[in-house]
Visitor: 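Structure provided below as structure tokens; questions to follow.
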Amino acid sequence: STWDEYIWQYNDYARYRTKLLARHQMRLLKDKDNKDKESKDKDEDPVEKKNCEFVSQHREIWSTTNVIQTLNALVKKSEVVTLLDPERKGGGASEILEVTGGTHFVRMIGYYSLIGLLRVHTLTGDYYSAIRSVDCIDFTKKVQIFSKVVACHITLYYYTGFVFMMLRRYADAIRFFIQLLTYINRIKNIHARSYQFDDLVKKHEQVYHLLAMTLALCDQRHGVDEAINATMRERLGDKISRLAQGDLDCYSEMFKYACPKFVSISSNFGENPTTGVMEAVDLQRTVFLNEVSQQLVLPTIRSYLSLYSTITVGKLASFMEQDNKVPENLFRTYLLRLKHKTRQLVWTGGKPSEGERISTSDIGFYINKDMVYVQSYANSGTLQNRSHAQYFIDQIRYLRPFLDTLFSTNTNVRR
């Protein structure tokens, strides 16, 4: 579509500009160490020098600021945000779809500009602005405007889920990834001959990678469909095992494969050489891996806590043996980290940028002096019971054809 092409052109030029800047700075560093003027002129590429001069003199071309301002202007001109506010009470989306002619075109351009803002903010690493750009879209409605275009539907859920993951809202990310996988599984065969089928398959694989990482960081498997979980384990069995072991290299590989094509907004072509330009993907991957490294020890602590109702801090710390025993004062910081990391902002309806801060863990605990008091929520909640019921229902459905075959071939067997 037009907006896909618009953002693709911006993304492609921004990535080209970043690579050009990196080569330019490497050349400046090399020239600084080289004292022979003739060899410097000999090694300098005239085409690259001309491109650097052009980009440095025309920084407004495909600048991130201009792209965001353009999309915001289209949203404001179309008044789509005002029209979508009544959608929560009914009527907002229908008012956009019922009009015809130029007014309908302007409103749809404004609506797709919201999705464009979500993409651009995500590509630049501004996740808070990204999620706020779709606050006016009500995801609870069954009939949506974005569902009329397959690429728009997939883009919206993919980028929204990814933003939730980077904001450490893993429960919401899992919810959006599951809904997206369910949608793709339903339409994949219909679009088998479409020109977008290859992109659809790749996005399908990327979402499975993102779902596996979020489940490793926040175990919410009771909310995952059994078919999706089985397919994910079949495709990513080895990687899921590595994730469970806390393999940072596996996290890094999966993130690089499944993440969007980030762009850098830096365009400094000055004569003062720096240490180089970090790739935008590497920068976002470093941020993500820093968060993952803080949580590597937490599943082990949670597994020990689930075995006790009361335990001393010193005894619990003695279980954590890697090279040496963890000091008790350091282990207390681990417990506080576990408490902090398992409390997340969970979307409960309304604006996606808002929500209720709740605990996503199946156990709760508090510390009184040297004692840790543990309470399990697995038996008191309905999620665990629902997961057991769903397991038996799935098994009944799986065995039903065998039972029908048995009854049809053997008349002596009673139902």
Side-chain angles (χ1 to χ4, degrees), residues 4 7-8 11-12 14-16 18-19 22 118-125 127 130 150-151 153-170 172-185 188 191 196-221 224 228-264 277-293 295-296:
D4 280 336
I7 297 177
W8 182 87
N11 192 338
D12 190 63
R15 290 167 63 86
Y16 164 75
T18 301
K19 293 179 180 179
L118 170 67
R119 290 182 61 182
V120 173
H121 284 306
T122 304
L123 294 176
T124 57
Y127 302 114
V150 174
H153 192 155
I154 294 175
T155 297
L156 177 61
Y157 272 78
Y158 168 78
Y159 280 93
T160 304
F162 184 84
V163 168
F164 279 141
M165 186 186 76
M166 296 301 291
L167 291 176
R168 206 170 59 79
R169 296 174 58 175
Y170 301 121
D172 291 334
I174 291 171
R175 180 192 308 177
F176 273 74
F177 289 148
I178 291 174
Q179 292 179 7
L180 179 55
L181 288 174
T182 303
Y183 174 75
I184 294 178
N185 289 334
K188 187 168 60 174
H191 296 272
Q196 295 180 332
F197 182 72
D198 293 338
D199 295 335
L200 186 68
V201 172
K202 182 179 180 180
K203 193 66 64 178
H204 195 212
E205 290 294 327
Q206 288 178 322
V207 176
Y208 269 117
H209 281 69
L210 293 174
L211 178 61
M213 288 191 294
T214 49
L215 286 174
L217 296 171
C218 178
D219 193 359
Q220 297 283 322
R221 299 184 188 277
V224 182
I228 293 178
N229 194 20
T231 304
M232 182 177 63
R233 289 194 169 277
E234 180 182 352
R235 296 183 179 183
L236 305 173
D238 296 338
K239 293 183 179 180
I240 291 176
S241 300
R242 292 173 61 188
L243 293 177
Q245 297 172 3
D247 189 345
L248 286 178
D249 292 335
C250 184
Y251 276 103
S252 178
E253 295 171 5
M254 295 179 68
F255 182 86
K256 188 173 183 178
Y257 171 77
C259 71
K261 295 181 179 179
F262 294 104
V263 298
S264 174
V277 178
M278 177 181 287
E279 284 285 346
V281 174
D282 296 335
L283 177 61
Q284 298 301 322
R285 181 170 52 177
T286 301
V287 173
F288 177 71
L289 293 180
N290 286 339
E291 176 63 31
V292 172
S293 62
Q295 303 191 34
L296 293 181

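Side-chain atoms are counted along with the backbone in the values below, which use heavy atoms only and exclude waters and symmetry mates.
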Visitor: Mind checking what makes side-chain contact (heavy atoms from CB on, under 4.5 Å) contact with Glu253, not counting sequence neighbours?
Guide: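 Testing Glu253 for side-chain contact (heavy atoms from CB on, under 4.5 Å), a comparison that skips the adjacent residues, returns Arg242.
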Visitor: Using a 4.5 Å cut-off on heavy atoms from C-beta on, say whether the side chain of Gln179 contacts that of Thr182.
Guide: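 Thr182 does not reach Gln179 side chain to side chain.
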Visitor: Can you tell me how far the CD1 atom of Ile154 sits from the CG atom of Leu156, to the nearest 0.5 Å?
Guide: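 Spacing of CD1 (Ile154) from CG (Leu156) equals 11.0 Å.
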Visitor: State which residues pass ring pair (Phe, Tyr, Trp, His ring centres under 6.0 Å) with Tyr16; sequence neighbours excluded, sorted by chain then number.
Guide: none
Visitor: Taking all atoms of both residues into account, what is the closest heavy-atom pair of Ala212 and Ile240, and its distance?
Guide: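 Looking at all heavy atoms of both residues, the shortest contact is CB-CG1, 4.3 Å.
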Visitor: Using a 6.0 Å cut-off, check whether atom CG of Asp238 has over 12 heavy atoms from anything other than its own residue.
Guide: no
Visitor: Decide yes or no for Asn185 and Thr231: does some side-chain heavy atom of the first lie under 4.5 Å from some side-chain heavy atom of the second?
Guide: no
Visitor: Could you tell me which non-hydrogen atom of Ile174 sits nearest to which non-hydrogen atom of Cys218, and how far apart they are?
Guide: CD1-O, 3.5 Å
Visitor: Is it true that a side-chain atom of Thr214 and a backbone atom of Leu211 form a donor plus acceptor pair closer than 3.5 Å?
Guide: yes
Visitor: Once side-chain contact (heavy atoms from CB on, under 4.5 Å) is applied, do any residues pair with Thr155, and if so which ones, sequence neighbours excluded?
Guide: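 Checked Thr155 against side-chain contact (heavy atoms from CB on, under 4.5 Å); matches are Ile115, Arg119, Tyr159.
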Visitor: For Asp199, enumerate each residue passing the side chain to side chain donor-acceptor pair (under 3.5 Å) test, keeping only those at least two apart in sequence or located in another chain.
Guide: none
Visitor: Show the nearest heavy-atom pair for residues His209 and Met254, with the distance to one decimal.
Guide: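 The pair with the smallest heavy-atom distance is O-CE, 3.5 Å.
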Visitor: The criterion is ring pair (Phe, Tyr, Trp, His ring centres under 6.0 Å); which residues satisfy it with Phe255, sequence neighbours excluded?
Guide: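 Partners of Phe255 under the ring pair (Phe, Tyr, Trp, His ring centres under 6.0 Å) test: Phe162, Phe288.
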Visitor: What are the two closest heavy atoms between Val163 and Tyr127, and how far apart are they?
Guide: CG1-O, 3.5 Å
Visitor: What's the separation between atom CG in Leu217 and atom CZ in Arg168, rounded to the nearest 0.5 Å?
Guide: 10.5 Å
Visitor: Within the side chain of Asp12, is there an N or O that forms a donor-acceptor pair under 3.5 Å with the backbone of Trp8?
Guide: no
Visitor: If we only count heavy atoms from C-beta on, is the Phe177 to Ile228 side-chain gap below 4.5 Å?
Guide: no
Visitor: Could you go step by step and tell me if Asp172 and Leu167 meet the side-chain contact (heavy atoms from CB on, under 4.5 Å) rule?
Guide: CA-CA 10 Å; Asp172 291 334; Leu167 291 176; over 6 Å; no
Visitor: Closest heavy-atom contact between Pro260 and Tyr158?
Guide: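 Closest approach of Pro260 to Tyr158, heavy atoms only: N-OH, 3.3 Å.
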Visitor: If you compare all heavy atoms of Thr122 against all heavy atoms of Ala130, which two are closest, and at what distance to 0.1 Å?
Guide: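 Shortest heavy-atom contact: OG1-CB, 3.6 Å.
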Visitor: For residues 203-218, which residue pairs pass the salt bridge (Lys or Arg N to Asp or Glu O under 4.0 Å) check, not counting sequence neighbours?
Guide: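 As it turns out, the salt bridge (Lys or Arg N to Asp or Glu O under 4.0 Å) pairs with a partner in residues 203-218, which skip direct neighbours, are Glu205-Arg235.
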Visitor: Would you please indicate yes or no on a ring centroid separation below 6.0 angstrom for Phe164 and Phe176?
Guide: yes
Visitor: Sequence neighbours left out, what passes side chain to side chain donor-acceptor pair (under 3.5 Å) with Ser252? Give chain and number order.
Guide: Arg285
Visitor: CG/Asn229 to CG/Leu215 distance, rounded to the nearest 0.5 angstrom?
Guide: 7.5 Å
Visitor: Does Leu181 form a side-chain contact (heavy atoms from CB on, under 4.5 Å) with His204? I'd like the steps, not just the answer.
Guide: CA-CA 7 Å; Leu181 288 174; His204 195 212; 3.4 Å; yes
Visitor: My understanding is that only residues two or more places apart in sequence, or in another chain, count here; which of them pass side chain to side chain donor-acceptor pair (under 3.5 Å) with His153?
Guide: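 So His153 forms no side chain to side chain donor-acceptor pair (under 3.5 Å) with any residue.
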Visitor: Does Tyr208 have any side chain to side chain donor-acceptor pair (under 3.5 Å) partners at least two apart in sequence or in another chain, and if so, which?
Guide: none
Visitor: If you round to the nearest 0.5 Å, how far is CG of Leu236 from OG of Ser241?
Guide: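 Ser241 atom OG to Leu236 atom CG measures 10.5 Å (nearest 0.5 Å).
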Visitor: If you measure from CG on Asn11 to CG on Asp4, what distance do you get to the nearest 0.5 Å?
Guide: 11.5 Å
Visitor: Nearest 0.5 angstrom please: Leu289 CG to Glu291 CD, how far?
Guide: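 So the CG of Leu289 and the CD of Glu291 are separated by 10.5 Å.
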